[in-house]
Structures are given as C-alpha cells and as structure tokens.
Novice: 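Submitted below is the structure of interest, expressed as structure tokens.
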Amino acid sequence: MSRIRQPELAAKVMTAEQAAALIRPGMTIGMSGFTGAGYPKAVPQALAAHMTAAHARGETFRVRVLTGASTAPELDGVLARADGLDLRLPYQSDPELRARVNRGEIDYLDIHLSHVAQYAWFGLFGKIDVAVIEATAIREDGRLVPSSSVGNNKTWLDLADKVIVEVNRWQPEALDGMHDVYYGTALPPHRKPIPLVNPDDRIGEPYLRCDPAKVVAVVETDAPDRNSPFAPIDETSKRIAGHLIDFFRHEIARGRLGPQLLPLQSGVGNIANAVLAGLREGGFRGLTAFTEVIQDGMLDLLADGVLKSASATSFSLSPAGIERFLADIAFFHERIVLRTQEISNHPELVRRLGCIAMNGMVEADIYGNVNSTHVAGTSVINGIGGSGDFARNGFMSCFLTPSMAKNGAVSCLVPMASHVDHTEHDVSVLVTEQGLADLRGLSPRQRARTIIANCAHPTYRPLLEDYVERANRDSKGKHTPHLLSEALSWHQRFLDTGDMRP
Ligand code: COA
C-alpha cells in the first residue's frame, strides 16, 4: 500500500532538491529529530548543497534550525559544514556543529527540552517559517503517522507557515499506533491539569494533525536512522550501576521506595545502559520508565518483564536493537508509548509521577553543583537536554560519572564547578565508581565531606581534602566555604598543562 494516502498530498511529491529550494536564507525551520531518530534524511542534505552553491556565488545562505534534540551527520553535520547555520537549538551532539559553536561561529541555545515548545508558543523564537518533518506515512485524512521520534513535531506543524513532509519507507509501518500526541496544552492562564496519572496512560491521539493546505512538498526517502552501536558495558560503568542499585535496595529496606521503585528516567550512554542491565541482574520486576529515550537496554528489560511499560519521546536503538524491536514489534507495541517532548519531559508529570532521574554529568563540585554541559566552563559538549526537566522535578535526582576523565588528567569532582546546570538544590545523589553520596538532608559542609569521601578518586581525594580544610579555615563565609582565588585553579591548570594535577 502507498505510504502517501491523501490524494492532495500525493500530488505534492517532489525531489529533495525541489523541496529544499523552497527554503530561503534567514528562515527559521522547525525540523523533526530526537537523539538520532526520526530526523529528515534528504531535505537538509539538499539544503546544504544549495547553501554551498550560494556561498560559492558570494551570497550568504544561513538559516535557524530548531529540532527536538540531537540529530545526525545528515542534518547537523551537513548544515554546519556548509556554514549554513545562524542559530541552532535546543540540543546537539554533532562533532562538526560542536566545533563551530565552540569557535563562536554559530549561536547555540541550550534549552531544557520541555521548554522548547512553550517558548515557541510564547513567540520567543519569532515566526517559524517552515517545518520539515519525517513521517512513517500520510493517512487518508492527511494526518501523519509519526516515525521513530515525536519530539517537537506537533509544535512545528502547528506553528509553521509551510510544511515539508519526508515520508521514510525505512521506518516500519508497524509504528502506527505507538504514539500519543496530546492536543490539550494551552498558554497561561488557560492551562488545565494534564490528565496523565500513570506512566503508560494514553491521553492523546496516535497521529500528528497536519493542515494539507500548508504542505508545500512531500519527499519520499528510504534511509535508516543514525543508530549508533553501543559499546560493551565497561567495568567502571558496572561499578557505578552497582552502587546505585545497592542504594535502591537500601531505600526499599528503609521504606522510602517500594519494590517497583518509581518511574525511571535514564539518560543515554554506557552508564545508563549499565544501570538498566544491573536492574535486570538485581531481580527487579514490574518497573516502569517515564523517560526521553528508549535504548537497547530497555527492550531487554521489557522483554524480561523487568519493565512493564516505557514512555518516551524517541527511540535510540543500535542496529541490533532495531532488529530486536522489529522481530517482536507486536509485543513492544503494547508496552511502549512515544509522546511529544513537552509531555515526556513535563515538569508537572515528572513531579506527579515521582520520577527517579539518572543522568550523566561532566563534573560536580564538593557542594553538589553539577555541570552537565561544559569543559572547563567555556566549551559546550552536547547540552542540558532533558536532564534538568527530570532533575529539578523528580522524586530523586541522581548524577553519575566516572570519578576521573581523560585518563586521570581530570577529576570529575572539583572544588567549584566551572559551569552549573543543576544547582546543589536539585541534586540528591552523586555516584562514581568509587561510591555513592546521598546528599539529601545534608548541609553544604556535610555534603563536601560526603562527596569527597565517597565519590572522589584516591588520586584527587587528598587534594580536595586539603582544599576543604583550608577553605573551612580561611573562607570569609563559613556556610559554603571557598577560596575564591583558588576555586577554579584546577580547570586553569588543565587548560594550561592538560592535567589538573599540580
Ligand atoms: N572534564 C573534561 N572533559 C570531560 C569531563 C570533565 N570533567 N568529563 C567527561 N569529559 C569528556 C570525556 O572525556 C569525553 O570526551 P572525549 O569523547 O573527547 O573523550 C566526553 O566528555 C563525554 O564523556 P563520556 O565519558 O564519554 O561520557 P558520556 O557519554 O556518558 O557523556 C555527558 C557524559 C555529560 C557529556 C552526557 O551525559 C551529556 O551530554 N549529558 C547532558 C545531557 C543529558 O544529561 N541528557 C539526559 C537526558 S537524555
């Protein structure tokens, strides 16, 4: 059966080059895409070619690109390389784009993922000229069957003047029905409670509404998502996961958590995968996930009954994960729901459900302020993503990292964080392979003692102890003692010598 089932839209099929020619310099474009899934595969590449040609003619051709989250080389990579981006938000992980952002060539707005849609509704990004959205199919009624991510697609489709739809034949048609698009959001003061009380509740409709009159092009593609393979879980990640799972057991024993814990939010990457694997080995069952991304580890947990359901806004599966998903798609269909990111990350829902947030970090300071985004305070790595949505509002906010980076040249526990994404007020638990610091109910000076004793690597522990001792003695204020002239000296030493050690 054709994937483009609405006659008016079927008549608008054209090449990616023709569709990209509808995009003009200076436009603001809302594109689909979240964590390397569901991004448009053809139009951005054709657009980059138009930009390169324009630049060769001595013309400037740059646009502003808004997405759900990170995409892939075929979107962020090509547009950055074509020098085609004036502004990018709200999250990226592309090496080429990152390098240009850190050279000051592209403005990058690093925004809480739950905030993007409402900022757009408030008009803070100006007019959205074009939406470029990947879909699995176009239904007879013109609504779109979303693909492997939902992200901000509803908002871009609602707000954009013109819409370009990429219909990707590679996306399994069996995704039909897995999505839940909620149309009940409003601007203040007209907001009503969002009627979601269980992580797997469906409160919307499975398709994206799309005004056929706004659609200016439909492009057919047959191209895979980014689908990076996962590295095998390393020993450090296993140890971090082990500490966290022991802690969950301790909390259950104390009666502060039930045997099913609370809905889990888990960041992406090796450590997150290790935590998921650890839950499985630890005999947990009947858990739920209310998170952003479904990665390979979650499929295993669903298959084993460790997880009974998972709510997210996107997949982020390796090629092996995709195969696994397709082989048992009917089973996963019943247990996974993909939502718009303003709902998957909504502070109201994260607070109501009492999520356990588990995210990676770059560094934390001795008082528990967490840096998730910047190396030495000035160079961004990826962005805050959804970590703040969950950390700020969850039942418990855990940040996980190896105690050292760069082969020991960097301590991930430092006197003062060189950039703060999550303040000490929003951080409950820090975990490294050395151990876990439960910061709840501790004063700043107690926090410093606990973090250094439990989380710092033995290489850096004496240096931190020495710093704290002198800060306690010489700091003017003794509530959060610091030696201001020295507090960021570790980072400066790293920039000067490549090593934080004296
Ligand atoms: N100082 C300097 N560099 C550091 C560092 C530190 N304290 N800690 C880590 N890094 C570097 C690593 O060396 C690595 O760089 P390399 O690739 O050049 O070697 C890079 O940062 C990534 O670190 P890695 O150990 O591979 O960790 P990760 O893949 O688990 O990523 C974050 C860690 C913090 C970058 C990642 O979790 C992130 O982007 N978080 C913010 C978004 C988020 O939390 N989203 C969650 C909701 S999905």
Side-chain angles (χ1 to χ4, degrees), residues 34-37 68-70 90-95 98-99 102 110-114 149 151 228 230-231 233-234 236-237 240-241 264-275 289-295 298 312-316 341 344-345 350 355 357-365 370-392 394 397-419 421-422 426-427 430-433 455-457 460 488 490-495 498-500:
F34 199 107
T35 330
S70 56
Y91 186 81
Q92 59 75 39
S93 63
D94 184 82
R98 179 189 299 132
N102 284 322
D110 176 16
I111 304 178
H112 292 302
L113 295 185
S114 76
S149 68
S228 324
F230 278 107
I233 295 170
D234 59 48
T236 303
S237 300
I240 294 171
L264 303 173
Q265 178 263 334
S266 159
V268 289
N270 202 296
I271 300 178
N273 247 349
V275 173
F290 193 79
T291 188
E292 273 177 20
V293 169
I294 308 279
Q295 52 182 341
M298 287 205 181
T313 189
S314 174
F315 284 107
S316 180
Q341 74 192 62
S344 67
N345 287 32
V350 173
C355 291
M358 302 178 285
N359 291 295
M361 65 176 181
V362 176
E363 64 183 7
D365 69 23
V370 165
N371 169 8
S372 289
T373 54
H374 283 69
V375 173
T378 58
S379 297
V380 74
I381 301 182
N382 300 323
I384 192 167
S387 56
D389 295 324
F390 289 92
R392 178 83 183 87
S397 172
C398 311
F399 284 94
L400 325 170
T401 181
S403 62
M404 299 193 300
K406 308 283 178 208
N407 292 323
V410 165
S411 174
C412 299
L413 286 311
V414 289
M416 181 179 266
S418 61
H419 175 94
D421 295 288
H422 312 287
D426 298 329
V427 177
L430 292 182
V431 197
T432 70
E433 81 291 349
C455 297
H457 192 275
Y460 287 96
L488 293 172
W490 294 26
H491 299 88
Q492 189 60 51
R493 194 154 51 236
F494 172 64
L495 291 176
D499 202 318
M500 281 186 173

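Note that the numbering runs from 1 along the sequence shown for the chain. As the structure lists them, so they are numbered: ligands from 1, and atoms in each ligand from 1.
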Novice: Below a 4.0 angstrom heavy-atom separation, can you tell me which part of Y91, side chain or backbone, both or neither, approaches ligand 1?
Specialist: side chain

Novice: Under 4.0 Å from atom 7 (N) of ligand 1, can you find at least one protein heavy atom?
Specialist: yes

Novice: Under 4.0 angstrom from ligand 1, any heavy atom of V362?
Specialist: yes

Novice: Any idea which part of I384 is under 4.0 Å from ligand 1, heavy-atom wise: side chain, backbone, both or neither?
Specialist: backbone

Novice: Please report whether atom 47 (C) of ligand 1 has a protein non-hydrogen atom at a separation of less than 4.0 Å.
Specialist: yes

Novice: Specify the closest pair of heavy atoms between S387 and S372, including all atoms of both residues, with the distance to one decimal.
Specialist: OG-OG, 4.2 Å

Novice: In ligand 1, which numbered atoms sit nearer than 4.0 Å to a non-hydrogen atom of G360?
Specialist: 37 (O)

Novice: Quick check: does any side chain N or O of S397 sit under 3.5 Å from a backbone N or O of D426, one acting as donor and the other as acceptor?
Specialist: yes

Novice: Can you tell which of V268, T401, N382, L413 gets a heavy atom nearest to atom 39 (O) of ligand 1?
Specialist: N382

Novice: Does atom 17 (O) of ligand 1 have any protein heavy atom closer than 4.0 Å?
Specialist: no

Novice: May I ask you to list the atoms of ligand 1 that are less than 4.0 angstrom from any heavy atom of Q265?
Specialist: 47 (C)

Novice: Which residue owns the protein heavy atom closest to atom 20 (C) of ligand 1, what's the atom, and how far is it?
Specialist: I381 CD1, 4.4 Å

Novice: Please indicate, with yes or no, if any protein heavy atom is found under 4.0 Å from atom 30 (O) of ligand 1?
Specialist: no

Novice: Looking at atom 24 (P) of ligand 1, would you say a protein heavy atom lies below 4.0 Å from it?
Specialist: no

